[in-house]
Colleague: 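Structure in structure tokens, see below.
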Amino acid sequence: MGTAAAGIAASLALAGCSNGKAAASSTGAAAAPKSGQITIAYLQKQGDQQYFIDEANGAKAEAAKLGDVKIVTVDLGTDSNQAISAMSTEVGQQVDGIAIVVPDQKIGPQVIDSAGAIPLVASDDPISNGSGQPAPFVGFDSVQMGTSVGTEAGKLFKQYGWSAADTRILAAYQQDLSDCQQREQGEEAGFAAAADASPQIVKIGTDNSVVDAQNKTGAAITANPGVKHWVVWGCNDESETGAVTALQNSGVAPANIDGVGLGAYLTCKDWAAKKDSGNKAALFIDGRAVGATAVDVLVGKIRDGKALPAKSIAKTTMVDATNFVQAGVQCS
């Protein structure tokens, strides 16, 4: 692959898989190196969300750099049955490699079994086979991300001089998704350490969409009358911005909202429009880098016989209205 990975080396740290613990069926161990055109299927849940659009574009851009690589993208929505069906279709088409963002981690064993000898990486959400062995993973460290978000929210809380007594933390996330659970754990720990305070946490279960977060937040506001200040975080930008929007629509002034997003592609919209906003900061996660790296490691396996790294972890950057443009955030 030569220097193809150089463009993303600064934003990703690759962890090797010399321990051999990755799920055997997803490493493509039986396949010999291939010359000629390579076809990689990128199957994504919620493929219409900006993060996943960026991820697909990053995959296609990296494929163009590597040369003679075709990317087939499939939007799975939130349908696990569609994911299983799409896996069967792509395997039947004899694609050379697969990257998948599963709608539900519970289908991991079926996905890995379906791939057989085709090299496969789990993108964004980890999956394991029936024996609990993880597939090679490309994405982010969820606990680390959550800790960064919580730490920033805690610093702002302390800076504003708010008290725990009249503050609530609104945590919006998909509660049955392990990545979201880990991010929430990190957010709570990061906030507690940075704020040196423990406001009551109101947890809202969402499907990680803007609309659902906005709707669920309305009920939370009604159930918590008399709150003066709100700290807001979520599993992704959709959940956080949806909650902030609901608070502002209910009459809460932006000055009384400490919202820290996770993604930055939606939180930055108010910054770009120069609007007064409860979205005070966001952790920038670059889907383009994840998509590019998924393609890079798969091509390395298919074309050069390189072992798939057990984990390829992307770096993140905290941004706000003053530096999001320089950081490379693209607002959706």
Side-chain angles (χ1 to χ4, degrees), residues 7-14 44 46-59 61-62 101 123-125 137-156 171-173 179-180 182-184 186-187 190-191 194 208-210 213 231-245 257-275 277-294 311-332:
I8 54 176
S11 62
L12 293 142
L14 302 183
Q44 300 169 297
Q46 297 174 301
D48 59 344
Q49 287 191 357
Q50 188 60 46
Y51 170 83
F52 293 116
I53 293 171
D54 291 344
E55 185 175 73
N57 288 336
E62 184 66 8
V101 189
S123 178
D124 300 289
D125 295 335
F137 172 75
V138 179
F140 298 94
D141 183 322
S142 288
V143 174
Q144 183 182 71
M145 283 197 302
T147 301
S148 295
V149 169
T151 298
E152 184 68 13
K155 287 179 180 177
L156 291 172
Y173 62 104
D179 273 346
C180 290
Q182 291 168 9
R183 292 174 194 181
E184 173 63 20
E187 286 159 347
F191 181 89
N208 279 346
S209 71
V210 172
V231 176
V232 184
W233 62 56
C235 184
N236 58 4
D237 244 28
E238 284 77 9
S239 290
E240 186 269 344
T241 57
V244 168
T245 298
I257 303 172
D258 172 12
V260 181
L262 204 164
Y265 47 86
L266 293 181
T267 48
C268 68
K269 291 174 72 174
D270 285 349
W271 305 337
K274 308 296 183 184
K275 289 183 178 179
S277 174
N279 295 308
K280 298 304 195 298
L283 190 68
F284 176 35
I285 58 175
D286 192 351
R288 293 165 297 183
V290 174
T293 299
K311 291 184 179 181
S312 301
I313 303 298
K315 293 183 179 180
T316 58
T317 306
M318 188 61 66
V319 297
D320 58 25
T322 69
N323 66 354
F324 75 98
V325 174
Q326 294 89 331
V329 178
Q330 294 185 357
C331 298
S332 63

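Not measured: the values here are computed from a predicted model.
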Colleague: Return the set of residues passing salt bridge (Lys or Arg N to Asp or Glu O under 4.0 Å) with Asp286 (not counting sequence neighbours), or none when no residue passes.
Modeller: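 Salt bridge (Lys or Arg N to Asp or Glu O under 4.0 Å) check on Asp286 returns Arg288.
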
Colleague: Report the residues that fulfil side-chain hydrogen bond (donor to acceptor under 3.5 Å, both in side chains) with Gln330, sequence neighbours left out, ordered by chain and then residue number.
Modeller: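 With sequence neighbours excluded, Gln330 shows a side-chain hydrogen bond (donor to acceptor under 3.5 Å, both in side chains) to no residue whatsoever.
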
Colleague: Could you check if a side-chain atom of Phe140 sits within less than 4.5 angstrom of a side-chain atom of Val290, using non-hydrogen atoms only?
Modeller: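 Contact flag for Phe140/Val290 side chains = yes.
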
Colleague: Do Val329 and Trp271 have side chains that approach each other closer than 4.5 Å (heavy atoms only, starting at C-beta)?
Modeller: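 Not in contact.
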
Colleague: If we only count heavy atoms from C-beta on, is the Tyr265 to Tyr51 side-chain gap below 4.5 Å?
Modeller: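 In contact.
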
Colleague: Check the side chains of Glu240 and Tyr173 for a donor-acceptor pair under 3.5 angstrom, ignoring hydrogens and angles.
Modeller: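 No, Glu240 and Tyr173 have no side-chain donor paired with an acceptor closer than 3.5 Å.
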
Colleague: Sequence neighbours left out, what passes side chain to side chain contact (heavy atoms under 4.5 Å, CB included) with Ala61? Give chain and number order.
Modeller: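 Ala61: no side chain to side chain contact (heavy atoms under 4.5 Å, CB included) contacts found.
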
Colleague: For residues Phe324 and Cys331, determine if any side-chain heavy atom of one lies less than 4.5 Å from a side-chain heavy atom of the other.
Modeller: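 Yes, their side chains come closer than 4.5 Å.
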
Colleague: For Asn208, enumerate each residue passing the side chain to side chain contact (heavy atoms under 4.5 Å, CB included) test, keeping only those at least two apart in sequence or located in another chain.
Modeller: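 Asn208 satisfies side chain to side chain contact (heavy atoms under 4.5 Å, CB included) with Gln174, Leu177, Cys180, Thr206, Cys235, Asn236, Ser239 once adjacent residues are dropped.
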
Colleague: For Asp320, what residues pass the side-chain hydrogen bond (donor to acceptor under 3.5 Å, both in side chains) criterion, not counting sequence neighbours?
Modeller: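 Asp320: side-chain hydrogen bond (donor to acceptor under 3.5 Å, both in side chains) contacts with Thr322.
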
Colleague: Between Asp237 and Thr267, is there a donor-acceptor pair closer than 3.5 Å when you use the side chain of the first and the backbone of the second?
Modeller: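 Confirmed, Asp237 side chain pairs with Thr267 backbone.
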
Colleague: Out of the candidates Thr147, Val260, Asp258, only one should pair with Glu152 under the side chain to side chain contact (heavy atoms under 4.5 Å, CB included) rule; please name it.
Modeller: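 Only match with Glu152 under side chain to side chain contact (heavy atoms under 4.5 Å, CB included): Val260.
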
Colleague: For Asp125, give me all partners under salt bridge (Lys or Arg N to Asp or Glu O under 4.0 Å), at least two apart in sequence or on another chain.
Modeller: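 For Asp125, the residues satisfying salt bridge (Lys or Arg N to Asp or Glu O under 4.0 Å) (neighbours in sequence not counted) are Lys45.
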
Colleague: Any heavy-atom pair between the side chains of Arg183 and Val149 that's under 4.5 Å?
Modeller: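 No, every pair of side-chain atoms sits at 4.5 Å or beyond.
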
